[in-house]
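To start, the structure under review is shown below, and the notes come after it.
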Amino acid sequence: MMTRLTDDMVKDIIASLGSTDRMLVSLTGMNTLELACDAVGITPDMIDLRGIRVGVVPVTSGLGVIRKFSESVAEIVRNLGMESAVTEASDVAGLAEALSAGCEIVFMADDVQFIAVNTKNGRHSDNSFSTAAGYVSALKGAAGGLADRKVLVLGAGRVGGTAAELMVSMHAEVTVYDTDRKKSEDLSRRVGIKIADDLGDALLSHDLVFNASPAPISSDNIREGSVFSSPGIPFPFDDTGIKKTKAIIHDPLDIGAAVMAVQSASFSRLKP
Ligand code: PYL
């Protein structure tokens with residue numbers, strides 16, 4: 001079960017979208033749009049996002065609506081050049097509202113899955129894949145390429161597992177650590193990667209780390225000058241740990257939602 005965002009983690013997203021974009025440019029050489037396109041395997045000139053109507057539907061199931069979550073998704077999408085709005089209604093009525101308004105893409109999230117449906121052909125993007133692909137592209141940008149590089153993946157869940165698979169396909173030398181050894185073994189068997197038994201040793205022997213776990217990371221375990229691509233929530237570093245790293249790429253929602261938007265748009269809008 002993925003870690004759930006809280007009101008507190010979401011409340012500042014809209015205000016900090018500009019600084020997140022600048023962080024990405026300085027650390028990865030790509031802005032949010034370029035990064036999202038790279039994660040989807042296209043370049044910005046291959047797709048025209050302007051004028052695409054996007055609906056974001058609040059969903060009240062499970063633990064209910066997260067304050068500002070839908071508004072944050074709508075703003076992230078707007079920043080990519082698309083037209084987006086949160087529906088007045090929630091749940092099924094909100095979906096019907098988005099479809100009646102002619103939305104080409106509809107975003108919805110419950111406690112288990114967050115998807116963006118392309119209403120032209122029914123294909124959809126998913127936040128777990130998009131977050132993995134977006135943060136792998138970010139690490140690739142920050143590291144100057146991942147081929148033949150050692151990368152440690154923390155967390156063998158949906159995001160960490162997908163990231164491991166993507167980085168193996170980029171010929172990185174991937175090692176995985178999860179507190180649940182069985183999850184590490186399942187992923188290792190499926191993707192053909194090494195397993196780390198000791199978190200401290202693994203972190204101290206890797207310059208590049210993909211962190212998709214919800215656990216805090218002790219500054220004692222951080223290798224001086226290491227680069228973290230870290231979608232894991234909550235933010236796992238203390239001030240001492242931050243100072244030891246060369247770069248930390250992290251945001252609570254922006255990169256994943258931006259990749260979802262570009263991927264779902266690419267299902268119907270790729271230029272011939
Ligand atoms: C998409 C985030 C990224 C990490 N965990 C995922 C999460 O918190 N999922 C729950 C999202 C619930 C949204 C709520 C609403 O406001 O519509 N149903």
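Whatever order the structure lists them in is the order used to number ligands and atoms, beginning at 1. Sequential numbering from 1 along the given sequence is applied to the chain's residues.
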Mark yes or no for whether Ser213, through its side chain, and Gly155, through its backbone, hold a donor-acceptor pair below 3.5 Å.
no

Under the criterion salt bridge (Lys or Arg N to Asp or Glu O under 4.0 Å), which of Lys183, Arg189, Arg181 is the partner of Glu185?
Arg181

Shortest reach to atom 16 (O) of ligand 1 by a heavy atom, considering only Val56, Ile66, Thr6, Asp111:
Ile66

Does any N or O atom in Val59 lie less than 3.5 angstrom from one in ligand 1, N or O only?
yes

Can you name the atoms of ligand 1, numbered from 1 with element, that are less than 4.0 Å from a heavy atom of Gly64?
14 (C), 18 (N)

Tell me whether the count of non-hydrogen atoms from other residues, nucleotides or ligands lying under 6.0 Å of NZ in Lys68 goes above 12.
no

Heteroatom proximity flag, Thr60 to ligand 1, N/O under 3.5 Å:
no

Need the ligand 1 atom indices (1-based, order shown) with element for anything under 4.0 Å from a heavy-atom of Ile233.
4 (C)

Nearest heavy atom to atom 9 (N) of ligand 1 wins, so pick from Asp110, Val10, Asn127, Thr131.
Asp110

Looking only at heavy atoms, which two atoms of Thr3 and Pro214 are closest? And how far apart?
OG1-CB, 3.4 Å

Are there over 12 heavy-atom neighbours, none belonging to Arg67, within less than 6.0 Å of that residue's CZ?
no

Within a radius of less than 6.0 Å around NZ of Lys182, do more than 12 heavy atoms belonging to other residues, nucleotides or ligands occur?
no

Give the numbers and elements of all ligand 1 atoms closer than 4.0 Å to a heavy atom of Phe114.
1 (C)

Number the atoms of ligand 1 from 1 as they appear, then name those within less than 4.0 Å of a heavy atom of Pro58, with their elements.
17 (O)

